[in-house]
Amino acid sequence: MTAETSVPSTALLAGADRDGSNYTARHLLVLEGLEAVRKRPGMYIGSTDSRGLMHCLWEIIDNSVDEALGGYCDHIDVILHDDGSVEVRDNGRGIPVDVEPKTGLSGVEVVMTKLHAGGKFGGGSYAASGGLHGVGASVVNALSARLDVEVDRSGYTHAISFRRGVPGAFATMGPDAKFEPGGLRKGKKIARNRTGTRVRYWADRQIFLKDAKLSLENLHQRARQTAFLVPGLTIVVRDEYGLGEGGSKGEESFRFDGGISEFCEYLATDKPVCDVLRFSGQGIFKETVPVLDDHGQMTPTEVTRELGVDVALRWGTGYDTTVKSFVNIIATPKGGTHIAGFEQAVVKTMNEVLRTKKLLRVAEDDVVKDDALEGLTAVVTVRLAEPQFEGQTKEVLGTSAARRIVNTVISKELKAFLTSTKRDAAAQARVVMEKAVAAARTRIAARQHKDAQRRKTALESSSLPAKLADCRSDDVERSELFIVEGDSALGTAKLARNSEFQALLPIRGKILNVQKSSVTDMLKNAECGAIIQVIGAGSGRTFDIDAARYGKIIMMTDADVDGSHIRTLLLTLFHRYMRPMVEAGRVFAAVPPLHRVELIQPKKGQDKYVYTYSDRELRDKLLEFQSKGVRYKDSIQRYKGLGEMDADQLAETTMDPRHRTLRRINLSDLDAAEQVFDLLMGNDVAPRKEFISSSAATLDRSRIDA
């Protein structure tokens with residue numbers, strides 16, 4: 001055989017006759033029924049990896065949940081069997097078992113083998129459902145090596161099995177058992193009021209990738225989510241296969257009677273600034289859809305739809321936004337028209353009320369979406385018959401009327417909350433609006449300071465404060481920024497520091513108490529602004545710890561009451577606007593000495609000067625000297641401030657890494673820290689006054705520096 005004749009005939013057919021005369025109708029392949037699903041599974045379930053495997057399970061679960069949505073089912077079991085199969089049981093009405101007149105097949109066979117067939121078309125069976133295209137169960141059937149269905153209905157158990165979409169019966173358990181084609185079988189007699197459906201299937205490994213597997217964590221998450229969205233529904237997930245951690249097996253049950261309000265609380269991780277708000281309403285819209293007429297023809301007909309909106313939301317102290325959206329309990333992680341309407345309503349209503357109440361000044365820009373949604377946790381649900389999704393995976397809602405209706409409902413309800421005259425609601429509404437305004441001002445301020453975020457940019461633009469005595473090193477891990485109290489201490493510290501890696505920033509007296517000041521006031525304060533600018537990582541929500549210009553921030557204040565006060569004010573600034581620095585353990589307090597004792601004729605190896613850091617330590621040290629016969633000068637030096645120390649003393653005691661002592665600031669108990677900052681530095685005076693009064697009796701008066 002020559003090289004030319006060894007080419008396959010199909011390749012010759014494709015390559016020969018460039019004018020295309022050999023390309024005729026006989027070359028067209030027509031895929032009928034479930035063959036199309038097996039040929040292009042990704043079109044129906046997204047992919048053939050673990051995500052696609054999970055999607056098949058969602059399709060079966062969603063059919064049972066649709067029964068619950070209609071009020072016919074209150075219990076669903078999901079069982080992961082040890083043979084690799086998955087079973088979903090419900091106590092709903094059961095799939096119809098009578099013969100469908102057009103096809104001559106039983107209802108079960110129609111649902112399981114015919115694409116675009118089901119009870120969700122035309123509005124006769126479901127007012128709202130997760131299904132849209134009528135391909136869910138039939139797609140799972142097509143992609144299963146074996147699928148068993150049992151239906152309890154009309155006083156009997158009806159059963160049928162499928163092998164890759166072909167109906168019949170298996171002789172024994174498992175997908176490899178002997179198979180005989182056939183139809184629906186009537187089984188044992190049961191109580192007439194007992195109804196339900198059981199679907200068990202083995203995914204076809206000819207279709208799915210070898211490493212595709214179900215995720216127990218995702219299954220629990222979906223079951224929990226569904227139980228939140230359908231109050232009163234119990235979902236039990238039983239793992240007999242061993243998908244748990246370390247191959248463990250077990251059972252989890254999910255039921256939540258609080259609905260999406262409880263879901264909203266579950267999703268929120270920060271402290272609330274308002275109660276969970278529940279907004280609901282509905283709207284009417286018209287759309288043209290094909291409807292089966294009396295002659296069996298699909299005729300385009302204009303129908304009136306009702307769309308229900310139910311939203312639970314609350315704002316918290318955090319910066320992150322969490323919005324979960326659902327259409328008939330089907331999650332839409334990529335949003336769609338309902339989310340677009342929700343976000344538009346929140347931003348528009350927020351700006352409208354802020355202008356009315358004059359919380360936004362005339363010269364200020366409107367708040368944007370990120371400002372209004374900062375710290376928001378929301379669950380947005382809509383219910384309607386035959387929703388339009390973009391794709392079978394139903395990740396994006398496409399029904400255009402949802403945007404208008406959701407916008408109208410949320411605008412009305414949110415405006416009522418923000419303008420409420422009830423005392424508690426009005427107070428909460430004001431906090432929510434002030435949070436949005438603060439976020440907007442922080443965003444604008446961050447944009448203005450953006451060019452000072454990095455050391456190189458800042459140095460090139462000469463925008464760093466003139467009073468900063470910077471270090472030469474660019475190594476962030478090694479560099480240190482000392483925040484020193486006053487210019488007198490700065491002068492001594494300049495001589496005492498190692499300019500290679502130690503930078504100095506002086507502050508003038510006591511900085512602004514940012515706990516009871518607005519973001520704008522904080523940024524206007526010269527000392528606060530300088531600290532944020534020099535650290536170079538922004539503030540608040542925009543704070544980026546990776547952009548910080550120094551590895552350590554060290555507060556070096558006097559060892560007196562005023563120094564402690566300044567240190568507390570600085571900590572308040574870091575706690576509120578640069579908390580990641582504290583959480584990372586990069587904020588320290590220097591520990592300067594309080595006294596210096598000069599020894600007379602010290603022994604060999606003994607320091608001439610001994611430093612102590614408290615009155616108690618001084619007394620103990622003097623008693624020790626007396627007991628050991630060590631003589632010292634009576635004129636013990638008491639440092640009133642860092643400026644009284646000479647450079648050598650300051651370097652030796654406070655700045656030299658070889659000898660100094662630093663106290664690391666940490667947030668081991670964040671809730672307790674926030675409560676203390678609110679108590680001591682917040683706006684509410686009465687609790688602070690009570691704290692001072694009640695603590696006065698415990699004060700050691702000898703410690704007062706008077």
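Small disclaimer: the values here were computed from a predicted structure and weren't measured. Only this structure's heavy atoms are used, side chains among them; waters, hydrogens and symmetry mates stay out.
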Enquirer: How far apart are the closest heavy atoms of Ala372 and Ala436, and which atoms are they?
Expert: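 Answer, listing the atom of Ala372 first, then Ala436: CA-CB, 4.3 Å.
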Enquirer: If only atom types and distance count, is the side chain of Arg663 paired as donor or acceptor with the main-chain N or O of Ala589 below 3.5 Å?
Expert: no
Enquirer: Backbone N or O of Ala493 within a donor-acceptor pair of the Arg497 side chain at under 3.5 Å?
Expert: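 Checking the backbone N and O of Ala493 against the side chain of Arg497, no donor-acceptor pair under 3.5 Å is found.
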Enquirer: Counting C-beta onward and ignoring hydrogens, is there a side-chain heavy-atom pair between Val311 and Arg278 closer than 4.5 Å?
Expert: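 In short, these two side chains do not touch, never coming nearer than 4.5 Å.
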Enquirer: Charged N to carboxylate O below 4.0 Å: is that the case for Glu617 and Lys621?
Expert: no
Enquirer: What is the ring orientation for Phe256 with Phe228, classed by angle as parallel under 30°, tilted 30 to 60°, or perpendicular over 60°?
Expert: parallel
Enquirer: What is the ring orientation for Tyr611 with Tyr639, classed by angle as parallel under 30°, tilted 30 to 60°, or perpendicular over 60°?
Expert: parallel
Enquirer: Looking at CD1 of Ile566 and CG of Leu571, how far apart are the two atoms once the value is rounded to the nearest 0.5 Å?
Expert: 12.0 Å
Enquirer: Does the distance from a Lys or Arg side-chain N to an Asp or Glu carboxylate O, for Glu480 and Arg660, drop under 4.0 Å?
Expert: yes
Enquirer: Give a yes or no on whether the backbone of Leu642 and the side-chain of Asp558 come within a donor-acceptor separation of less than 3.5 Å.
Expert: yes
Enquirer: If we ignore hydrogens and angles and just use 3.5 Å, is the side chain of Arg586 paired with the main-chain N or O of Tyr550 as donor and acceptor?
Expert: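 Such a contact is found between Arg586 side chain and Tyr550 backbone.
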Enquirer: Let's go through Asp562 and Lys510 carefully: what are the C-alpha distance in whole Å and the side-chain angles of both, what is the deciding distance for salt bridge (Lys or Arg N to Asp or Glu O under 4.0 Å) to 0.1 Å, and is it a yes or a no?
Expert: CA-CA 8 Å; Asp562 284 335; Lys510 296 173 182 176; 3.2 Å; yes
Enquirer: Are any of the side-chain heavy atoms of Ile532 and Met522 separated by less than 4.5 Å?
Expert: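 With C-beta onward as the side chain, the pair touches.
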Enquirer: Hey, is the main chain of Gly536 close enough, under 3.5 Å, to the side chain of Arg549 for a donor-acceptor pair?
Expert: no
Enquirer: Please check: side-chain N/O of Gln428 versus main-chain N/O of Asp275, any donor-acceptor pairing under 3.5 Å?
Expert: yes
Enquirer: If you measure from CD on Glu413 to CZ on Phe279, what distance do you get to the nearest 0.5 Å?
Expert: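 So the gap between those two atoms works out to 6.5 Å.
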Enquirer: Do the non-hydrogen side-chain atoms of Ile553 and Ile535 ever get within less than 4.5 Å of each other?
Expert: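 Yes, side chains in contact.
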Enquirer: Salt bridge or not for Asp366 and Arg355, using N-O below 4.0 Å?
Expert: yes
Enquirer: Given the ring of Tyr609, does Arg596 sit roughly above its face, with NZ or CZ under 6.0 Å from the centre of the six-membered ring and within 45° of the axis?
Expert: yes
Enquirer: Can we say Arg443 and Asp371 salt-bridge, meaning some charged N sits less than 4.0 Å from an Asp/Glu carboxylate O?
Expert: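 The answer is yes: the pair qualifies as a salt bridge.
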Enquirer: Enter the distance from Leu243:CG to Leu216:CG here, rounded to the nearest 0.5 Å.
Expert: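 Interatomic distance, Leu243 CG to Leu216 CG, rounded to 0.5 Å: 5.5 Å.
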Enquirer: Between atom CZ of Arg478 and atom CD of Gln502, what is the distance when rounded to the nearest 0.5 Å?
Expert: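 So the gap between those two atoms works out to 9.5 Å.
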Enquirer: Output yes when a side-chain donor or acceptor of Thr349 lies under 3.5 Å from a complementary backbone atom of Ala345, and no otherwise.
Expert: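 Judged by distance alone, yes, a pair lies under 3.5 Å.
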Enquirer: Compare all side-chain heavy atoms of Val347 with those of Val368 and state whether any distance is below 4.5 angstrom.
Expert: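 No, too far: nothing below the 4.5 Å cut-off.
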Enquirer: Just wondering, do Arg631 and Leu599 contact through their side chains at under 4.5 Å, heavy atoms?
Expert: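 No, their side chains stay 4.5 Å or more apart.
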Enquirer: Is there side-chain contact between Met556 and Thr654, with heavy atoms separated by less than 4.5 Å?
Expert: yes
Enquirer: Is it the case that the side chain of Asp607 and the backbone of Val610 share a donor-acceptor pair, with hydrogens and angles ignored and the cut-off at 3.5 Å?
Expert: no
Enquirer: Taking NZ, NE, NH1 and NH2 as the nitrogens, is one of them in Glu352 or Lys348 under 4.0 Å from a carboxylate oxygen of the other?
Expert: no
Enquirer: Between Phe254 and His220, is the ring centroid distance below 6.0 Å?
Expert: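 Under 6.0 Å, so yes.
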Enquirer: I want to check something: taking the side chain as every heavy atom from C-beta on, are Lys494 and Ser499 in contact at a cut-off of under 4.5 Å?
Expert: no
Enquirer: Going from CG on Leu219 to CD on Gln221, what distance comes out if it is rounded to the nearest 0.5 angstrom?
Expert: 10.5 Å
Enquirer: Please say which of Glu374, Glu364, Glu434 ends up in a salt bridge (charged side-chain N to carboxylate O under 4.0 Å, His left out) with Arg441.
Expert: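 Output: one option passes, namely Glu364.
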Enquirer: With no hydrogens and no angle check, is any side-chain donor or acceptor of Lys435 less than 3.5 Å from a backbone partner on Gly316?
Expert: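 Pair found, side chain donor or acceptor close to backbone of Gly316.
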Enquirer: Any side-chain heavy-atom pair from Ser564 and Thr557 closer than 4.5 angstrom?
Expert: no
Enquirer: Would you call Glu527 and Arg508 a salt bridge, using N to O less than 4.0 angstrom?
Expert: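 No, no charged N to carboxylate O under 4.0 Å.
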Enquirer: To the nearest 0.5 Å, how far apart are OG1 in Thr356 and CE in Met433?
Expert: 9.5 Å
